[in-house]
Amino acid sequence: MKYDKVYTTPLNLRWPRDKEKILEEQARLSRRLSIAPLKRAPQYVAGVDAAFLGDKVIGAVSVYIYETGELVEEAYSVKEVTFPNLPGFLAFREGPAIIGAVERLKVVPDVIIFDGPGIAHPKGFGLASYVGLLLTIPSIGCAKTRLVGTYKEPGARQGSHSALKYEGESVGSVVRTREGASPVFVSPGNLIDLKGSVDIVLKCTGKYRITEPVRSADALTRKLKKAFEGDRSLGNA
DNA sequence: GCGACAG
DNA sequence: ATCTTGTCGC
Ligand SMILES: [Mg+2]
């Protein structure tokens with residue numbers, strides 16, 4: 001279709017003009033990811049999410065103490081939306097605002113959980129991988145639905161999981177975080193492996209399907225959005 | 001040409 | 001993701 005606005009990637013590549021270059025860039029960056037076990041147990045686990053308001057993106061982050069589940073800090077940032085909504089490129093829309101939020105934190109998270117995939121992506125470079133690579137912070141992709149890959153429905157009990165395969169590789173795990181609810185799609189983003197990702201997601205799961213850190217960030221995202229609606233200085237109204 | 005398709 | 005109140009099922 002046609003675009004009335006100039007959409008750009010954080011690397012000044014324009015859509016749809018530079019479509020091929022953008023795809024090459026995702027593939028190139030994915031090769032720089034490190035999918036390996038976490039060195040030491042995390043102390044701080046963060047959850048991130050984003051919301052949209054007009055042509056603005058609100059990124060939010062909630063940090064918890066991994067062992068106790070205590071909320072210790074939150075932050076957010078607002079950015080301009082610079083990329084259209086197309087499957088495979090979510091990172092270009094949410095990434096900037098999420099990165100901005102994490103950079104405003106006083107504490108540096110040991111691992112970050114995302115509302116979107118890591119390497120379970122067409123080019124092996126989903127939202128969690130993108131942010132995890134740019135910030136050099138271990139990241140976990142925890143998508144609500146499938147982007148790529150095939151799998152067998154996991155068992156009905158909480159904690160059940162099955163492999164998510166794509167192009168012959170086991171890129172993720174389909175995890176039943178809550179009984180009676182649809183499973184979640186876990187895949188490592190950067191600086192962590194699949195096993196460690198699943199362990200952390202389950203450890204951060206409370207009574208809901210979505211991980212507590214991400215739920216918290218999602219809640220913050222909406223509170224902020226509500227507070228910003230009708231705010232001329234933010235560009236809407 | 002017809003589906004699939006993160007949030 | 002977003003637009004939105006009540007309503008069906010466990
Ligand atoms: Mg989200």
Side-chain angles (χ1 to χ4, degrees), chain A residues 1 7 9 15-16 19 22-23 26 29-30 33 47-61 76 78-99 101 112-133 139-151 156 158 164-167 171-175 177-190 197 201 207-211 213-230 234-237:
Chain A
M1 71 171 265
Y7 286 114
T9 228
W15 182 274
K19 178 181 180 180
I22 292 172
L23 289 170
Q26 289 186 313
L29 292 173
S30 71
L33 297 172
V48 296
D49 195 18
F52 297 83
L53 180 56
D55 20 31
K56 296 289 191 303
V57 205
I58 302 170
V61 55
Y76 75 88
V78 179
K79 301 283 186 179
E80 198 83 25
V81 174
T82 63
F83 208 84
N85 174 28
L86 302 170
F89 306 98
L90 180 65
F92 297 136
R93 309 195 90 209
E94 300 193 353
I98 289 175
I99 289 174
I112 304 176
I113 303 176
F114 294 72
D115 179 26
I119 63 172
H121 171 280
K123 287 291 178 287
F125 203 61
L127 177 64
S129 298
Y130 179 96
V131 178
L133 182 68
S139 59
I140 298 171
C142 191
K144 295 187 292 296
T145 62
R146 182 197 76 94
L147 174 58
V148 297
T150 59
Y151 64 97
Q158 117 87 251
L164 175 62
K165 299 181 180 180
Y166 183 56
E167 297 181 328
V171 300
S173 186
V174 186
V175 186
T177 51
R178 171 177 180 160
E179 246 182 65
S182 54
V184 113
F185 298 73
V186 180
S187 62
N190 189 29
S197 297
V201 164
K207 56 183 298 188
Y208 301 99
R209 177 170 85 119
I210 304 304
T211 245
V214 172
R215 288 191 79 230
S216 176
D218 175 71
L220 175 54
T221 231
R222 287 187 277 210
K223 291 176 188 174
L224 291 168
K225 182 174 176 178
K226 211 169 186 180
F228 289 148
E229 298 184 319
L234 216 160
N236 58 107

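Remember, predicted model here, so these are calculated numbers, not experimental data. Residue numbering restarts at 1 for every chain, and letters A, B, ... go by the order of the sequence lines.
Proximity of a side-chain donor or acceptor of A/S173 to a complementary backbone N or O of A/V186 within less than 3.5 Å is not detected. Judged by distance alone, the side chain of A/Q158 and the main-chain N or O of A/T177 form a donor-acceptor pair under 3.5 Å. In this structure a side-chain-to-backbone donor-acceptor pair under 3.5 Å is missing from A/Q26 to A/G126. The backbone N or O of A/K207 lies less than 3.5 Å from a partner atom in the side chain of A/R178, making a donor-acceptor pair.
Taking the side chain as every heavy atom from C-beta outward, A/C142 and A/F185 never approach each other to under 4.5 Å. Inter-residue side-chain proximity for A/L53 and A/E229 is flagged as met; some heavy-atom pair is nearer than 4.5 Å. Taking the side chain as every heavy atom from C-beta outward, A/V48 and A/I113 never approach each other to under 4.5 Å.
Contacts classified as side-chain hydrogen bond (donor to acceptor under 3.5 Å, both in side chains) and involving residues 83-99 of chain A (residues at least two apart or in different chains) are not found.
For DNA chain B, if you chain together Watson-Crick or G-U pairs that step i with j, i+1 with j-1 and so on, you find no run of at least three with distances under 3.5 Å.
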Protein proximity profile, nucleotides 1-6 of chain C - base contact B, sugar-phosphate-only contact S, no contact -, cut-off 4.0 Å on heavy atoms: SS----

Structure string for DNA chain C in dot-bracket form, Watson-Crick and G-U at under 3.5 Å, | interchain: ..........

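Qualifying side-chain contact (heavy atoms from CB on, under 4.5 Å) partners for A/K79, counting only residues two or more places apart in sequence or in other chains: A/S77, A/P96, A/A97. Here A/L147 pairs with A/P117, A/H121, A/P122 under the side-chain contact (heavy atoms from CB on, under 4.5 Å) rule; sequence neighbours left out. With sequence neighbours left out, A/R215 forms a side-chain contact (heavy atoms from CB on, under 4.5 Å) with A/Y208, A/I210, A/E212. A/T145 pairs by the side chain to side chain donor-acceptor pair (under 3.5 Å) definition with nothing, not counting sequence neighbours. Scanning for side chain to side chain donor-acceptor pair (under 3.5 Å) contacts around A/R209 gives A/S182, with sequence neighbours left out.
Within the 4.0 angstrom heavy-atom criterion, no nucleotide atom of any strand lies near A/F114.
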In residues 219-228 of chain A, what donor-acceptor pairs under 3.5 Å come from side-chain atoms, sequence neighbours left out?
from	atom 1	to	atom 2	distance (Å)
A/R222	NE	A/D218	OD2	3.4
A/R222	NH2	A/D218	OD2	2.3
A/K225	NZ	A/F52	O	3.0

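The aromatic rings of A/Y130 and A/F92 stand perpendicular to each other, their planes meeting at an angle above 60°, with 30° marking the opposite boundary.
Bracketed by its first and final contacts, the part of DNA chain B lying under 4.0 Å from non-hydrogen atoms of chain A reaches from B/dA4 to B/dG7 in 5' to 3' order.
Within a heavy-atom distance below 4.0 Å of DNA chain B, no residue of residues 177-185 of chain A is found.
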